[in-house]
Engineer: 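Dropping a structure here in structure tokens format, bear with me for questions.
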Amino acid sequence: MELVTLPSLMPTPTGAFPEVPLLALDTLWFQVSGTICNLRCQHCFISCGPDNHRLGMMSLEQVLGYLEEARDLGVREYYFTGGEPFMNRELVPMLAQALAQGPTSVLTNGVLIKAETAAKLRGLQDGSEYSFDLRISMDGYDAATNDPIRGAGTFERIMQGILRLAEAGLNPVITVTEALPDAQTREGRGRFLEFLRRAGLTQPRLKILPLLRMGAEAGRQRGYAPWESLAGAHLTEDELRALQCSSCRMVSAVGVHVCPILVDDPVGGMGRRLKDSLRPFALAHPACYTCKVDGLSCTT
Ligand code: SF4
Ligand code: SF4
């Protein structure tokens with residue numbers, strides 16, 4: 001008989017935490033709407049919501065300042081997220097400047113994308129020599145699977161946003177988390193792609209993301225267990241290179257953070273300016289275990 005070790009009985013790792021060097025600052029993230037979101041998803045790893053103002057909106061001036069510093073440091077690409085980035089009224093001019101400097105992506109729940117927004121985004125794409133990607137997150141093929149996670153009525157509203165982008169000639173990447181039970185299987189992925197084709201996306205693009213057991217998700221299912229840790233681990237050069245924190249930083253209204261995952265945890269704070277953050281980081285947060293074991297990268 002095969003013996004199975006229950007997760008709760010897994011030994012807690014001990015030893016020093018490995019450090020990840022910043023090999024190159026290639027990617028810069030902007031938390032433009034802080035922790036403020038129009039939705040309140042059950043699995044949100046930073047517990048964003050309409051009344052969560054722990055991290056506030058970034059101003060256009062702040063974003064332009066970081067973009068200037070990023071250009072001087074050789075940053076290659078830009079990502080805008082939140083919270084819900086379209087709640088920031090200055091998002092379009094922020095994107096226009098980013099697109100003057102490099103490839104740019106926006107991560108959104110899609111609910112606020114009206115026809116005029118989609119037309120403006122198409123204009124931004126047409127006016128840039130760099131690629132422009134929209135990423136829309138959802139959690140199911142229908143209201144029955146999506147809405148328990150993202151909120152009543154959100155499936156319809158997200159689909160409207162996706163179709164408005166498609167009508168404007170934009171092909172968003174759809175992201176789904178493992179909160180959808182079979183999302184990570186070949187069959188589940190195939191089923192989701194078929195659903196998107198039937199919905200009207202002729203060349204659907206899909207990214208499946210593992211869950212981070214923190215924020216609201218820690219209450220929905222469970223938080224990290226003591227054994228989910230990189231204490232004492234030795235990471236090869238290739239494994240370190242695969243971690244997004246070896247080539248990215250995140251900025252918010254309060255300063256620079258090591259990565260898009262630890263934006264709301266004091267341990268991820270790295271200073272006020274990008275130049276303050278060009279140093280190694282100890283992988284001591286349990287979320288680092290998810291990045292290593294599940295190969296999580298927030299980039300497209
Ligand atoms: S998961 Fe995204 S859409 Fe949902 S509450 Fe968090 S930031 Fe908002
Ligand atoms: S959470 Fe992931 S991306 Fe962030 S510091 Fe840890 S390993 Fe790096």
Side-chain angles (χ1 to χ4, degrees), residues 17-23 27 29 31-52 54-55 79-88 106-113 135-139 146-151 154-155 157-158 161 175-179 209-217 219-220 224 228-231 233 235 239-250 252 256-270 277 279-299:
F17 291 102
E19 279 200 339
V20 57
L22 183 66
L23 299 171
T27 307
W29 289 77
Q31 187 85 2
V32 283
S33 58
T35 46
I36 306 163
C37 190
N38 52 336
L39 303 187
R40 199 192 309 271
C41 300
Q42 301 290 306
H43 62 356
C44 185
F45 69 90
I46 37 182
S47 303
C48 293
D51 45 14
N52 184 349
R54 220 163 33 236
L55 288 176
Y79 283 78
F80 288 75
T81 187
E84 171 45 51
F86 283 97
M87 290 184 79
N88 190 313
V106 185
L107 279 59
T108 167
N109 59 43
V111 166
L112 300 177
I113 298 178
R135 253 170 61 180
I136 301 205
S137 48
M138 59 191 307
D139 283 290
N146 178 85
D147 290 8
I149 299 277
R150 294 199 160 250
T154 54
F155 177 78
R157 295 163 69 202
I158 294 166
T175 58
V176 179
T177 69
E178 291 177 352
L209 291 166
L211 290 163
L212 289 155
R213 301 192 177 284
M214 51 203 267
E217 174 62 14
R220 187 184 74 97
Y224 282 102
E228 291 171 300
S229 163
L230 294 181
L235 275 66
E239 287 173 326
L240 289 169
R241 194 177 294 278
L243 297 175
Q244 57 185 337
C245 46
S246 70
S247 60
C248 86
R249 289 294 180 255
M250 160 70 96
S252 74
V256 186
H257 313 260
V258 63
C259 70
I261 297 168
L262 301 184
V263 63
D264 192 28
D265 190 316
V267 78
M270 297 204 86
S277 74
R279 54 191 158 87
F281 182 78
L283 300 171
H285 196 282
C288 303
Y289 178 87
T290 300
C291 293
K292 161 74 175 60
V293 173
D294 293 322
L296 169 59
S297 172
C298 305
T299 50

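When a ligand or atom number is given, it counts from 1 through the structure's own listing order.
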Engineer: Using heavy atoms and a 4.0 Å limit, tell me yes or no: is H285 in contact with ligand 2?
Structural biologist: no
Engineer: Just checking, any donor-acceptor pair under 3.5 angstrom between side chains of E84 and N38?
Structural biologist: no
Engineer: Hey, is E84 touching ligand 1 through its side chain, its backbone, both or neither, going by heavy atoms under 4.0 Å?
Structural biologist: neither
Engineer: Closest non-hydrogen protein atom to atom 4 (Fe) of ligand 1, residue and atom name please, with distance?
Structural biologist: C41 SG, 2.3 Å
Engineer: Below 4.0 Å, non-hydrogen atoms only: which portion of T290 touches ligand 2? Side chain, backbone, both or neither.
Structural biologist: neither
Engineer: Using 0.5 Å steps for rounding, measure from the CG atom of L55 to the OG atom of S252.
Structural biologist: 5.0 Å
Engineer: Decide yes or no for L283 and C245: does some side-chain heavy atom of the first lie under 4.5 Å from some side-chain heavy atom of the second?
Structural biologist: yes
Engineer: Whether the S33 and N88 side chains hold a donor-acceptor pair (N or O, under 3.5 Å, no angle test) is what I'd like checked.
Structural biologist: no
Engineer: Of all the non-hydrogen atoms in the protein, which one sits nearest to atom 2 (Fe) of ligand 2, and at what distance?
Structural biologist: C291 SG, 2.3 Å
Engineer: If we set the cut-off at 4.0 Å for heavy atoms, which region of C288 has an atom near ligand 2: side chain, backbone, both, or neither?
Structural biologist: both
Engineer: Give the residue and atom name of whichever protein heavy atom lies nearest to atom 8 (Fe) of ligand 2, and the separation in Å to one decimal.
Structural biologist: C245 SG, 2.3 Å
Engineer: Please could you name the atoms of ligand 1 that R150 approaches to less than 4.0 Å, counting only its heavy atoms?
Structural biologist: 3 (S), 4 (Fe)
Engineer: Among all protein heavy atoms in this structure, tell me which lies nearest to atom 6 (Fe) of ligand 1, with the distance rounded to 0.1 Å.
Structural biologist: C44 SG, 2.4 Å
Engineer: Return yes if a side-chain donor-acceptor contact under 3.5 Å exists between T290 and Y224, otherwise no.
Structural biologist: yes
Engineer: Could you tell me if D139 and T177 have a donor-acceptor pair between their side chains, going purely by distance under 3.5 Å?
Structural biologist: yes
Engineer: Return yes if a side-chain donor-acceptor contact under 3.5 Å exists between T35 and D264, otherwise no.
Structural biologist: no
Engineer: Mind checking whether S137 has a heavy atom under 4.0 Å from ligand 1?
Structural biologist: no
Engineer: May I ask you to list the atoms of ligand 1 that are less than 4.0 angstrom from any heavy atom of N109?
Structural biologist: 3 (S)
